[in-house]
Amino acid sequence: MAGTGDFAEILDGDVYKYYSDGEWKKSSSGKTVAIINPTTRKTQYKVQACSQAEVNKVMESAKSAQKAWARTPLWKRAELLHKAAAILKEHKAPIAECLVKEIAKPAKDAVSEVVRSGDLVSYTAEEGVRILGEGKFLVSDSFPGNERTKYCLTSKIPLGVILAIPPFNYPVNLAVSKIGPALIAGNSLVLKPPTQGAVSCLHMVHCFHLAGFPKGLISCVTGKGSEIGDFLTMHPGVNCISFTGGDTGIAISKKAGMIPLQMELGGKDACIVLEDADLDLVAANIIKGGFSYSGQRCTAIKVVLVMESVADALVEKVNARVAKLRVGPPEDDCDITPVVTESSANFIEGLVMDAKEKGATFCQEYKRDGNLIWPLLLDNVRPDMRIAWEEPFGPILPVIRINSVEEGIHHCNASNFGLQGCVFTKDINKAVLISDAMETGTVQINSAPARGPDHFPFQGLKDSGIGSQGITNSINMMTKVKSTVINLPSPSYSMG
Ligand code: G3H
């Protein structure tokens with residue numbers, strides 16, 4: 001159970017502690033932040049409201065711990081990460097319980113998130129050993145005008161202190177996707193969890209604590225964005241920010257200084273359906289891509305662009321599957337569970353009402369109870385409707401009927417987002433041409449968008465992000481190349 005057994009030390013009364021300098025602590029602010037259970041809409045947990053002084057302390061420890069960690073052999077860093085991965089998987093039940101209570105993630109998906117996270121950490125350890133164990137050797141005479149008098153040796157060095165800010169929808173998995181690469185590369189890490197998801201993050205961090213990482217190398221500060229948000233992201237001690245979330249990331253990137261940024265900020269992933277597509281496959285993927293975790297995924301299908309000639313048939317198939325979705329509490333492992341906050345539910349409702357006023361066809365009756373919104377397919381959506389462009393982050397999916405592939409590509413590319421997209425057709429040549437024309441970081445052919453497997457590159461164009469994620473890319477992003485040049489007194493040619 002959460003907060004008991006191995007996790008008892010992270011809880012003080014009914015308030016979870018924050019993690020600094022290798023210890024679980026109460027904030028001297030004396031204030032707490034309540035975490036509302038999306039299902040009951042009552043306070044489920046409380047966490048510390050850390051102060052700016054506590055953030056400063058964490059930054060100091062992170063800086064000094066990093067120096068020692070960078071001198072720790074790579075194989076030893078990997079060994080500790082493997083240990084943390086095993087402990088994480090061993091404690092999947094209490095962590096999954098937190099995910100169910102804080103973010104209403106369906107019970108089975110919550111367990112999968114923790115297991116996937118353990119696997120991600122192990123893979124990161126292995127990948128790090130491979131890619132950080134190698135450097136480059138360059139010789140000067142390949143560049144015009146040079147003799148072979150210079151040997152250049154390059155290696156990858158850590159950046160220093162990484163600030164990791166994961167989102168509510170994968171608080172554990174998208175935290176470890178930043179923690180693992182940061183640590184294997186010799187950095188220290190400061191984690192600022194999302195409010196909803198903070199307790200899952202604290203449990204996950206405790207698994208790293210139990211694995212025996214050095215004091216101060218990992219810290220986790222909880223609190224109000226208004227008090228410590230900007231303070232953290234503009235802190236002079238931070239050498240790199242890895243953020244996943246909404247358009248707060250745009251504000252962060254404007255305020256951050258001369259440091260590398262890794263940003264993943266959402267999407268409006270289009271699903272283009274051609275006349276020759278296997279409509280049963282498309283319908284199954286629309287359900288998985290559009291409605292899993294109630295549409296609260298940046299890679300969810302957020303608009304279907306279907307050729308008019310097959311639109312009726314597709315809508316009928318999707319509706320038949322929507323009718324089978326189980327709606328209810330996450331504890332019952334329902335397919336559709338309450339969205340994360342009341343304000344999210346209100347926002348989604350605003351999009352639905354706008355579509356209603358402007359004449360979209362409601363394939364199901366719009367139904368809401370608290371934060372629980374029943375799945376809804378909106379047909380005959382037109383570009384003047386907000387739902388055609390905005391991300392609902394809820395179980396509402398618009399269908400736009402198109403008369404040409406170009407029309408579909410045009411709609412996809414007119415979006416401010418450019419995360420992923422998908423195209424369904426049996427003609428691989430057409431699929432590749434469409435993929436090339438779509439301005440998105442990834443295009444899936446004959447499957448719904450998805451970030452995983454976690455070692456695949458994952459990136460967004462335009463407002464969807466900066467940089468590329470995926471295990472290898474994240475390790476590289478959290479390092480910098482360092483060169484040492486050996487200057488010889490005279491040219492030297494091997495075997496010359
Ligand atoms: O919400 C954003 C996540 O990066 C999406 O991950 O494709 O595994 O659901 P996913």
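Start at 1 and go down the list; that is how both ligands and their atoms are numbered.
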Using distance alone, determine whether Q296 and ligand 1 share an N or O pair under 3.5 Å. no
Atom 10 (P) of ligand 1: which protein heavy atom is closest, and how many Å away? Y170 OH, 3.4 Å
With a 4.0 Å cut-off on heavy atoms, is Q469 in contact with ligand 1? no
For S242 and Q262, which I'm curious about, is there any donor-acceptor pair between the side chains at under 3.5 Å? yes
OG1-CG distance between T425 and L274, expressed to the nearest 0.5 angstrom: 4.5 Å
Identify which one of Y19, F7, F208, Y45 satisfies the ring-ring contact (aromatic ring centres under 6.0 Å, His included) criterion when paired with H203. F7
With sequence neighbours excluded, what pairs up with F458 under the ring pair (Phe, Tyr, Trp, His ring centres under 6.0 Å) test? none
For the aromatic rings, using the six-membered ring if either is Trp, is the centroid distance between F231 and H235 under 6.0 Å? yes
Are K356 and Y366 in a cation-pi setup, meaning NZ or CZ lies under 6.0 angstrom from the ring centre and within 45 degrees of the ring axis? no
What protein heavy atom lies closest to atom 3 (C) of ligand 1? Include the residue and the distance to one decimal. C298 SG, 3.0 Å
Part of Y293 with heavy atoms under 4.0 Å of ligand 1, whether side chain, backbone, both or neither: neither
Kindly compute the distance separating CG (L202) from CG (L191), expressed to the nearest 0.5 Å. 8.0 Å
Would F458 count as a contact residue for ligand 1, given that I'm defining contact as a non-hydrogen atom of the residue lying under 4.0 Å from a ligand atom? yes
Per-atom contacts of ligand 1 with T299, taking only distances under 4.0 Å to non-hydrogen atoms: 5 (C), 6 (O), 7 (O), 9 (O), 10 (P)
Could you list which atoms of ligand 1 come closer than 4.0 Å to a heavy atom of N169? 1 (O), 2 (C)
In terms of atom number and element, which parts of ligand 1 are under 4.0 angstrom from non-hydrogen atoms of R297? 1 (O), 7 (O), 9 (O), 10 (P)
Can you list the atoms of ligand 1 that are under 4.0 Å from a heavy atom of R116? 8 (O)
Atom 6 (O) of ligand 1 - nearest protein heavy atom and its distance: R451 NE, 3.0 Å
Pi-cation contact, Y170 with R451 (under 6.0 Å, within 45°): yes
